[in-house]
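Structure first, commentary second.
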Amino acid sequence: MRFFRRRPPATLPDNWIEIVEAGVAHWTLLDGGEREWLGELMEALVAEKRWESAHGFALTDEVRTIIAAQASLLILGLDFDWYQAVQAIVVHPSEIVQREPQPGPIEGTMEEGPFSLLGLADHRYGPVLIAWDVAKANARHPAWGRDVVFHEFAHKLDMLDDVVDGTPPLHHPEDGPRWHSVCTRELELLRDGEGWPLRDYGAQDPGEFFAVATEAFFNLPLQLEEAKPELYEVLRAFYLQDPAARLRRRATGP
Ligand SMILES: [Zn+2]
């Protein structure tokens with residue numbers, strides 16, 4: 001008979017607020033209630049998901065806390081159940097190199113590696129892979145308009161209905177037609193070079209479009225709201241958050 005010893009679940013470190021204050025720019029925009037809820041989501045994410053590191057990289061309190069904060073921010077208007085497709089979070093120190101062949105751009109074809117990635121959310125219950133150096137820089141600099149944690153965890157929300165098609169489960173079925181028409185039109189505009197402030201990477205397919213639009217929604221909300229108000233609105237209705245209002249609140253003060 002063999003005995004397996006379970007590792008005790010991890011917890012947030014006592015100084016998690018200090019870590020987040022120093023490393024997560026969005027923290028300064030949250031009000032007291034939002035900060036408290038963020039802390040509860042972070043606690044659940046750290047304790048209930050499997051955290052692993054690649055290549056002997058040290059999974060420090062800072063690493064877990066910053067990634068948990070960014071991932072929790074995405075579901076601040078939702079709740080923890082939305083991460084039921086997240087089982088493991090695997091942190092790499094830096095760019096992730098994959099050597100296995102990958103499906104190519106044409107269906108049924110494979111491309112030879114190596115491929116370098118900053119993150120990956122593979123299939124429904126597959127792990128989320130994150131490159132720590134990139135995640136850390138993104139959390140400090142939202143104005144860059146990109147975030148590997150928002151991106152990969154957005155794919156996990158998209159996967160909840162089993163398909164990565166750019167449409168996560170919507171709160172009301174009647175929202176479907178508007179979601180599809182807005183996202184389809186904006187994907188076409190992005191492919192035609194009129195996607196700003198969305199990154200070109202989102203032009204690949206509807207799944208990447210949703211992940212890239214999520215990055216802009218959180219990190220460039222004022223620009224997205226102004227340039228693409230309908231896209232901003234469907235994302236606001238899904239995430240049940242209004243990051244542009246948060247920024248304006250800070251600009252005008254209490
Ligand atoms: Zn992606």
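Whatever order the structure lists ligands and atoms in, that order sets their numbers, starting from 1.
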Which atom names give the shortest non-hydrogen contact between G202 and L187, and what distance separates them?
O-CD1, 3.5 Å
Any salt bridge linking E225 with R236? Criterion: basic side-chain nitrogen under 4.0 Å from a carboxylate oxygen.
no
Looking at E174, I'd like to know if its CD atom is crowded, meaning that more than 12 non-hydrogen atoms belonging to other residues, nucleotides or ligands lie closer than 6.0 Å.
yes
Please write out which residues are connected to L29 in a hydrophobic cluster, directly or through intermediates, given that two of Ile, Leu, Val, Met, Phe, Trp, Tyr count as joined at side-chain heavy-atom separations below 4.5 angstrom.
L222, L247
Under 4.5 Å side-chain heavy-atom separation, chaining through any Ile, Leu, Val, Met, Phe, Trp or Tyr, what else clusters with L189? Say none if it is isolated.
none
Using a cut-off of 2.8 Å, find all protein N, O or S atoms closer to the Zn ion (ligand 1) than that distance.
H151 NE2, H155 NE2, E208 OE1, E208 OE2
With sequence neighbours left out, which residue pairs that include part of residues 177-194 fulfil the side chain to side chain donor-acceptor pair (under 3.5 Å) condition?
T167-W179, R185-E230, E186-K228
